[in-house]
Number of protein chains: 2
Amino acid sequence: MRLTRAGEYGIRCVLDLARHGKGILVSRKEIAVRTDVPPHFLAKIAQQLARAGIIEILQGASGGYRLLSDPSEITLLAVIEAVIGEISLNDCVGRPESCDNSALCTVHRVWNKANRQLRETLQEADFATLAAEDACCLTPFPKTDGRNPPSGKK
Amino acid sequence: MRLTRAGEYGIRCVLDLARHGKGILVSRKEIAVRTDVPPHFLAKIAQQLARAGIIEILQGASGGYRLLSDPSEITLLAVIEAVIGEISLNDCVGRPESCDNSALCTVHRVWNKANRQLRETLQEADFATLAAEDACCLTPFPKTDGRNPPSGKK
DNA sequence: GATATATAAGATATATTTTGTCTTATATCG
DNA sequence: CGATATAAGACAAAATATATCTTATATATC
Ligand code: SF4
Ligand code: SF4
């Protein structure tokens, strides 16, 4: 009952991008170093974020990732579920047919409620708010005027 | 982000015992069949429930398990955590020292809140209530007058 | 006490998931 | 074209979860 590493990494990645702002291109390597995520693992996670429409991936010599939406419109829930799939605290929450008893089961109802609550809480957290204060990155993001990516600095 | 099978099985076991009532002895085999849990796996789970003080295990020819408390005093949370350990939605919730940034991290605070909420919801569910209606067991518990265990019937 | 039965305890095996790396291909810049 | 960065997916390693098996111990009954 724990977020996977991949999920955590996905959050770090989006948070790093959110600090730069919507549309600002940041190289994978730069993100990987700053958030302490293995670069190739980040690549895989980024692809899931891209498929979910959260980021855009640019290939080529000066490629990288960038946010497609304003950080205020991206929720923690969206990022997590883009990476690890829809949250389901018990098997029978996501797949009621996996247990013959789910229609009658009182425990099942508790799980449904808990699951709904959890997803709501994660949905209330947007990345503009999360990025506003010091947060998440192991190596703190260097202060800039917020408009220019600290491009050269790898 | 999902309850383990062992956790689910633990719940089923306690629910089955709760239907019989506090102090009523039920054999492991009987519970295993009724709840569709591999008997040896159930044994291991039961040992954890016993260590947590939820059930008592009786050895010997007519041994089995029985609840130590009234079902109304046993919460879903207690049973789950007896089996899978304290719930911690992200690594840094249970072990803040696992991430250097947890003191400042805004994401960390969201996880803490979500974790607290989840545990509260699971704590509000007691087994007297859960067992009151049809629930959880794959093979419905046979109706009796509630005082005598359906002993012979294996 | 002997025997049968049921669980204890822990070793072991299997399966699944997670995590991370590596290789080859492709896109872009200069 | 050559250098560089990511894409995509195969592959490998590690961790975890699930299940079973074996030997030991406790209890009831005879
Ligand atoms: S970065 Fe924040 S959310 Fe992620 S592990 Fe560290 S404290 Fe927890
Ligand atoms: S018994 Fe109830 S809680 Fe358990 S898996 Fe089935 S529906 Fe879900």
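Below, chain A is the first sequence line, B the second, and so on; all start at residue 1. Just so it is clear, the structure is predicted and the values come from calculations on it, not from any experiment.
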Per-nucleotide protein contact along nucleotides 13-20 of chain D, 5' to 3', at a 4.0 Å heavy-atom cut-off (B base, S sugar-phosphate only, - neither), is ----SSBB
Rounded off to whole Å, could you give me the [atom1]-to-[atom2] distance for the [X] and [N] pair?
X     : N      : atom1 : atom2 : answer
B/R51 : C/dT7  : CZ    : C1'   : 14 Å
A/R2  : C/dT19 : CZ    : P     : 11 Å
A/L25 : D/dT4  : CG    : P     : 18 Å
A/Q48 : D/dA8  : CD    : P     : 12 Å
B/D91 : C/dT18 : CG    : P     : 14 Å

Taking side chain as C-beta onward, heavy atoms only, is B/L49 less than 4.5 Å from B/C13?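 Yes, their side chains come closer than 4.5 Å.
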Report yes if some heavy atom in the side chain of A/M1 is under 4.5 Å from a heavy atom in the side chain of B/L89; otherwise report no.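 Heavy-atom side-chain distance check passes, below 4.5 Å.
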Would you call A/E8 and A/R12 a salt bridge, taking side-chain N to carboxylate O under 4.0 Å as the test?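 A/R12 and A/E8: salt-bridged.
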Measure across B/L17 and B/R66 and return the closest heavy-atom pair with its distance rounded to 0.1 Å.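 Nearest heavy atoms, B/L17 then B/R66: CD2-CA, 4.2 Å.
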From B/F127 atom CZ to B/D70 atom CG, the distance as rounded to the nearest 0.5 Å: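 Rounded to the nearest 0.5 Å, the CZ-CG separation comes to 13.0 Å.
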Just name whichever nucleotide pairs with C/dA8, Watson-Crick or G-U, keeping both distances under 3.5 Å, else none.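 C/dA8 is paired, partner D/dT23.
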Please check: side-chain N/O of [X] versus main-chain N/O of [Y], any donor-acceptor pairing under 3.5 Å?
X      : Y      : value
B/Q117 : A/L118 : no
B/H20  : B/D16  : yes
B/R109 : B/L104 : yes

Enumerate the residues from residues 52-67 of chain B whose closest heavy atom to DNA chain D is under 4.0 Å, giving them by residue number; use none for an empty result.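 Those residues whose heavy atoms fall under 4.0 Å from DNA chain D, taken from residues 52-67 of chain B in numerical order, are B/Q59, B/G60, B/A61, B/S62.
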Can you find a side chain N or O atom of A/R28 that sits less than 4.0 Å from OP1 or OP2 on D/dT6?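 Yes.
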